[in-house]
Number of protein chains: 4
Amino acid sequence: MSRNKIVDAAIKLFSELGYHRTSMDDIAKEANVAKGTLYYHFSGKGELFETIVNDGFAMLTEKIRQELAEDAPADRQIESIVRRHVELFLQYSELVHIISNEITNGIEPDILERIVRRKRDYIAFVADVLRRGHEDGELNELPYELAASAMLGLIESAVLHAVRHPETGTDKLHATINAFVLPALLRKK
Amino acid sequence: MSRNKIVDAAIKLFSELGYHRTSMDDIAKEANVAKGTLYYHFSGKGELFETIVNDGFAMLTEKIRQELAEDAPADRQIESIVRRHVELFLQYSELVHIISNEITNGIEPDILERIVRRKRDYIAFVADVLRRGHEDGELNELPYELAASAMLGLIESAVLHAVRHPETGTDKLHATINAFVLPALLRKK
Amino acid sequence: MSRNKIVDAAIKLFSELGYHRTSMDDIAKEANVAKGTLYYHFSGKGELFETIVNDGFAMLTEKIRQELAEDAPADRQIESIVRRHVELFLQYSELVHIISNEITNGIEPDILERIVRRKRDYIAFVADVLRRGHEDGELNELPYELAASAMLGLIESAVLHAVRHPETGTDKLHATINAFVLPALLRKK
Amino acid sequence: MSRNKIVDAAIKLFSELGYHRTSMDDIAKEANVAKGTLYYHFSGKGELFETIVNDGFAMLTEKIRQELAEDAPADRQIESIVRRHVELFLQYSELVHIISNEITNGIEPDILERIVRRKRDYIAFVADVLRRGHEDGELNELPYELAASAMLGLIESAVLHAVRHPETGTDKLHATINAFVLPALLRKK
DNA sequence: AATGAATGAGTGTTCATTCAT
DNA sequence: CATGAATGAACACTCATTCAT
């Protein structure tokens, strides 16, 4: 179906090039679809981007939720949250980058607002994990949203560094991230 | 002088709108200068951006260096590095945001490369602080550059969150950042 | 069709004003077409110019080839080659002028190279006529390409003079050109 | 003196790059002179170009006149006229090219008109040599101006070809030009 | 459901020229 | 005589969007 081809092409190109450098022409060509078809399925570039962002967050949320379903000690849970994020950030590093940073740019205000809200929702979701961890007596009390924000920024920045310096290795990457995250979150026993 | 007016206008607009959304027309208008004047002082948009980035990093480096000149225990030094970054990120949050994130975009490759190098140099500078801290027996051994990258990403993300949620308060902001940074860096005694 | 309107407008304006003085705005206006349409059909000003040049040479080559198909003595053939060139140069004097002279200017190097090659091919085509004439024992031996170049320059210059001084008359024009060309080329018997 | 430095720089650059591709900045830089200085000595780019064209034609006229002063048979005189032109065209091929061809372009009409008149004067001067040759009984009767025009076009085109194909060699170049020019002009005895 | 020709406002850049010093 | 900072109109080109088919 055309719509799927478009979405796939858009993910690929937005990830590789960023929002502005990706033109609707590029997407159409990559998707093997005529330019007009993009506007048949989406009202414009902004809505297409929004769709991808929404799908991305939905996927992220879903994966994390599955991870948490398993019964495991808090430190294992945090570690696996980190691992999941690292994996996804590694795979879609540029897209994540765009979502968390480049959002300010040239999108229509209403779409922008919805994307920002989406991001806030996701932060809230992660914050909630932290809050429940505290309520279970396993994590420290913290300003949860701020901590979630900080944690995601840390992970993203570290992953980006690792991507730019491939000699780093994933083990060292995980270890370093955990060195920051675990002591800050886990309640000392 | 025209050049200064241009730089000021460019900082303001790049900070508010980002690199792409800021047009040379906008800058000229904001600076009360004819468009051609921009090109008299700078070879193009990219060079103008580069100038601002360079100045920004130079200022940052300088301020941190002053901080470190003082003789103080490692934990105090780390705290004050964090504090400095938080202050500067708060003051120039959007500019910092652009510098550290929007770099990927549509700038001429050679200018981009120089900016990326500038950023790497700054990371290396912070990493060096961490390395010397370890050599003095006060900080943990870590992949210094990766850790520096992670730390700066964490600070930026936290500061941005605080900017977007002013009710957070600077105390809580510092405390949260330090909760991540100090245990990760300081050697347990 | 838009494309044709554009080509026609471009021939007219490039002929009247030359390559540099003709702006894409002018062409769009003359063609009653939006500016973007030019770039839908041609990758840029250079390619548009190249198209016209190519078409021009193709037409020229074709007409000469037809002329040569007829079986006639060498002096008649040379005369009719001259006549053809004179006619076409008279009709499209400014365009010919641009093609043969203004090529040096500010076109992208790769396009320029193709145009130059096109011109060289045409010279080679005329040179070949001279070579075959010699092989048939009717024309003198000469550095064929150089002679072809010289001959075309002579014709163009003479035609341009006649255009600027209409009182000259076509008979006198042909006679003078032939006075240079025939003795130089025809083998004395 | 500044004025001379400017003229020299202008000759060099107009010759190398053509009228349009040469900017006033380039000339100022090449002349080691501030941009404003150009406008102190010349009213604008057009006038500067006109000056050079005038000087060029004056030099050409002068050199030919000297050549003709010597008492020599007509064929030798024609040959030496040709030789002189070839030499000068070789040395300043691009400038000659511009003067004879690119004149149409973007110069103010009044300046353009004066340059065109200059060129016409020069043609008339060469035509006069042909006329006197006829009156002396040594050259054929011809439409002198048309013939002069044709001859100069031929020489220029041949020289340009030789410049572009250096393997041609000056001997072959002279021989070919003379093969066209001499039989056309010299009265058969 | 899909197309692709056509659009036009917007962008970065160039450059001959001016003018206060 | 000479300067060089400043100008602004002109330019080639981009691209999200529209719409008749």
Side-chain angles (χ1 to χ4, degrees), chain A residues 1-3 5-6 20-28 31-48 106-108, chain B residues 1-3 5-6 20-28 31-48 106-108, chain C residues 1-3 5-6 20-28 31-48 106-108, chain D residues 1-3 5-6 20-28 31-48 106-108:
Chain A
M1 215 228 283
S2 271
R3 216 195 105 105
K5 290 197 289 178
I6 292 170
H20 273 94
R21 299 258 288 179
T22 303
S23 71
M24 294 298 262
D25 278 86
D26 293 340
I27 297 173
N32 262 317
V33 151
K35 212 172 167 184
T37 311
L38 304 190
Y39 290 86
Y40 181 77
H41 290 290
F42 301 92
S43 76
K45 194 183 181 183
E47 206 207 73
L48 177 51
I107 315 179
E108 300 91 301
Chain B
M1 214 229 278
S2 269
R3 216 195 107 104
K5 289 197 288 178
I6 292 169
H20 273 95
R21 292 263 288 179
T22 302
S23 73
M24 293 300 261
D25 279 270
D26 293 341
I27 296 173
N32 260 317
V33 152
K35 209 171 167 186
T37 309
L38 304 189
Y39 291 86
Y40 181 76
H41 291 288
F42 302 92
S43 76
K45 194 184 183 183
E47 207 208 73
L48 177 51
I107 315 180
E108 298 91 301
Chain C
M1 215 230 279
S2 269
R3 215 194 107 105
K5 289 198 289 178
I6 292 168
H20 273 95
R21 293 263 288 180
T22 302
S23 73
M24 292 301 261
D25 280 87
D26 292 342
I27 296 173
N32 260 318
V33 153
K35 209 172 169 185
T37 309
L38 304 189
Y39 291 88
Y40 181 76
H41 290 289
F42 302 92
S43 76
K45 193 182 182 184
E47 208 206 74
L48 177 50
I107 315 179
E108 298 91 301
Chain D
M1 214 228 284
S2 271
R3 214 195 107 105
K5 289 197 289 179
I6 292 170
H20 272 95
R21 300 256 288 179
T22 302
S23 72
M24 293 300 262
D25 278 86
D26 293 340
I27 296 173
N32 263 317
V33 150
K35 211 171 166 186
T37 310
L38 304 189
Y39 289 86
Y40 180 77
H41 289 290
F42 301 92
S43 76
K45 194 183 181 183
E47 207 208 73
L48 177 51
I107 315 180
E108 300 90 303

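Numbers restart at 1 for each chain; the letters A, B, ... are given by sequence-line order, proteins then strands.
Between R3(B) atom CZ and dG4(F) atom C1' there is a gap of 16 Å when expressed in whole angstrom units. Atoms NE2 (H41(C)) and P (dG4(E)) sit 14 Å apart, rounded to a whole Å. In this structure, L38(D) atom CG and dT18(E) atom P are separated by 13 Å, rounded to whole Å.
Partners of S2(B) under the side chain to side chain donor-acceptor pair (under 3.5 Å) rule, at least two apart in sequence or in another chain, do not exist in this structure. Among residues two or more places apart in sequence or in another chain, the side-chain contact (heavy atoms from CB on, under 4.5 Å) test is passed with F42(D) by R3(D), I6(D), V7(D), E47(D), L48(D), T51(D).
A distance of 10.5 Å separates CE of M24(C) from OG1 of T37(C), quoted to the nearest 0.5 Å. Atoms NE2 and CE, on H41(D) and M1(D) in that order, are 7.0 Å from each other to the nearest 0.5 Å.
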For every nucleotide of nucleotides 9-17 of chain E, 5' to 3': is a protein heavy atom under 4.0 Å from its base (B), only from its sugar-phosphate (S), or from neither (-)?
-> -BSBBB-BB
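Comparing A34(C) and S2(A), the nucleotide of DNA chain E nearest to each residue sits closer to the 5' end for S2(A).
Evaluation of the salt bridge (charged side-chain N to carboxylate O under 4.0 Å, His left out) test over residues 31-45 of chain C, restricted to residues two or more places apart or in two chains, returns D25(C)-K35(C).
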Can you give the dot-bracket line for DNA chain E, using ( ) for pairs inside the strand, [ ] for pairs that cross earlier ones, | for pairs with another strand and . for unpaired bases, where Watson-Crick and G-U count if both distances are under 3.5 Å?
-> .||||||||||||||||||||
